[in-house]
Amino acid sequence: MRINFIGNFTQGPGGEPADEVHLTAELEALGHNVQRVPRDVWKAFVEGYTPQEDWKLPIEADINIICKWHHFSDGKYISRLQKLTKAPVLYFVWDPMVDDSDMEVNVTEEPNWHIKMGRQADLYLSGELGRASYYRK
């Protein structure tokens, strides 16, 4: 498969590689073609900044994977990817993202950034079992 993977491909403060580094390496080891798109580059592109020569942007693909990042503050980061690549977007989250206040989301409240991302995605990948009902009704 051809996969656009949007995330963090740097090292953490302790020198450990980001989770996305491990995930993309495993996908490639399985034989997939992975285009690594740094999350800050994707955010700048969606926000309308002029693409720079060294930017890696999404290419034609079979699927897109975008990792959670609090600077992806609404679904536009996913909808733009869906439109550009005409491929489904998987929103990947490895941390518990729901606290008690999120469980009270209703039509009169504005959902937080994470719920907006989850609702826009074609598939939400998470370990949050039993809490998917507020992403889509």
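Along the sequence shown, residues are numbered consecutively beginning with 1. What you are looking at is a predicted structure, and each value in this text was computed from that prediction instead of being measured.
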Q) If only atom types and distance count, is the side chain of Gln52 paired as donor or acceptor with the main-chain N or O of Thr50 below 3.5 Å? A)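 Confirmed, Gln52 side chain pairs with Thr50 backbone.
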Q | Lys56: partners by side-chain hydrogen bond (donor to acceptor under 3.5 Å, both in side chains), with sequence neighbours left out | A |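 Expected list: none.
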(Q) Holding to ring-ring contact (aromatic ring centres under 6.0 Å, His included), I want the full list of residues that pass it with Phe5, two or more places apart in sequence or in another chain. (A)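 Scan of Phe5 (ring-ring contact (aromatic ring centres under 6.0 Å, His included), adjacent residues dropped) gives none.
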Q: Quick one: list whatever passes ring-ring contact (aromatic ring centres under 6.0 Å, His included) with His71, sequence neighbours left out.
A: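 Partners of His71 by the ring-ring contact (aromatic ring centres under 6.0 Å, His included) criterion, ordered by chain and then number, come out as Trp69.
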Rounded to the nearest 0.5 Å, what separates atom [atom1] in [X] from atom [atom2] in [Y]?
| X | Y | atom1 | atom2 | answer |
| --- | --- | --- | --- | --- |
| Ile66 | Phe72 | CD1 | CZ | 4.0 Å |
| Lys116 | Tyr77 | NZ | OH | 10.5 Å |
| Leu123 | Ile63 | CG | CD1 | 9.5 Å |
| Leu81 | Tyr91 | CG | OH | 13.5 Å |

Q: Just jot down the side-chain contact (heavy atoms from CB on, under 4.5 Å) partners of Asn33, sequence neighbours excluded, or say none.
A: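 Scan of Asn33 (side-chain contact (heavy atoms from CB on, under 4.5 Å), adjacent residues dropped) gives Arg2.
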If I compare all heavy atoms of [X] with all of [Y], which pair ends up nearest, and what's the gap?
| X | Y | answer |
| --- | --- | --- |
| Val89 | Asp122 | N-OD2, 2.8 Å |
| Gly7 | Cys67 | CA-CB, 4.4 Å |
| Leu57 | Val37 | C-CG2, 3.8 Å |
| Pro88 | Asp62 | CD-O, 3.5 Å |
| Ala61 | Ala87 | O-CB, 3.5 Å |

(Q) Considering only residues two or more places apart or on different chains, which pairs with a residue in residues 45-68 satisfy ring-ring contact (aromatic ring centres under 6.0 Å, His included)? (A)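 Applying ring-ring contact (aromatic ring centres under 6.0 Å, His included) to every pair that reaches into residues 45-68, excluding sequence neighbours, yields Trp42-Phe45.
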Q. Do Asn4 and Ile59 come within less than 4.5 Å of each other through their side chains, counting heavy atoms only?
A.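 Contact flag for Asn4/Ile59 side chains = yes.
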Q | Ile6 and Asn64: CA distance, side-chain angles, deciding distance, side chain to side chain contact (heavy atoms under 4.5 Å, CB included) verdict | A | CA-CA 8 Å; Ile6 298 174; Asn64 301 286; 6.0 Å; no
Q. Salt bridge or not for Lys76 and Glu47, using N-O below 4.0 Å?
A.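 A salt bridge links Lys76 with Glu47.
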Q: Flag yes if more than 12 heavy atoms outside Glu28 fall under 6.0 Å of its CD atom; otherwise flag no.
A: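 Atom CD in Glu28 is packed in, count exceeds 12.
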Q. Yes or no on side chain to side chain contact (heavy atoms under 4.5 Å, CB included) for Met117 and Val93, after CA distance, side-chain angles and deciding distance?
A. CA-CA 11 Å; Met117 292 287 287; Val93 176; over 6 Å; no
Side chains of residues 10-26: which donor-acceptor partners sit under 3.5 Å, not counting sequence neighbours?
{"from": "Thr10", "atom 1": "OG1", "to": "Asn8", "atom 2": "OD1", "distance (Å)": "2.6"}
{"from": "Glu16", "atom 1": "OE1", "to": "Gly14", "atom 2": "N", "distance (Å)": "3.2"}
{"from": "Glu20", "atom 1": "OE2", "to": "Asn8", "atom 2": "N", "distance (Å)": "3.0"}
{"from": "Thr24", "atom 1": "OG1", "to": "Glu20", "atom 2": "O", "distance (Å)": "2.8"}
{"from": "Thr24", "atom 1": "OG1", "to": "Val21", "atom 2": "O", "distance (Å)": "3.2"}
{"from": "Thr24", "atom 1": "OG1", "to": "Arg36", "atom 2": "NE", "distance (Å)": "3.2"}
{"from": "Thr24", "atom 1": "OG1", "to": "Arg36", "atom 2": "NH2", "distance (Å)": "3.3"}

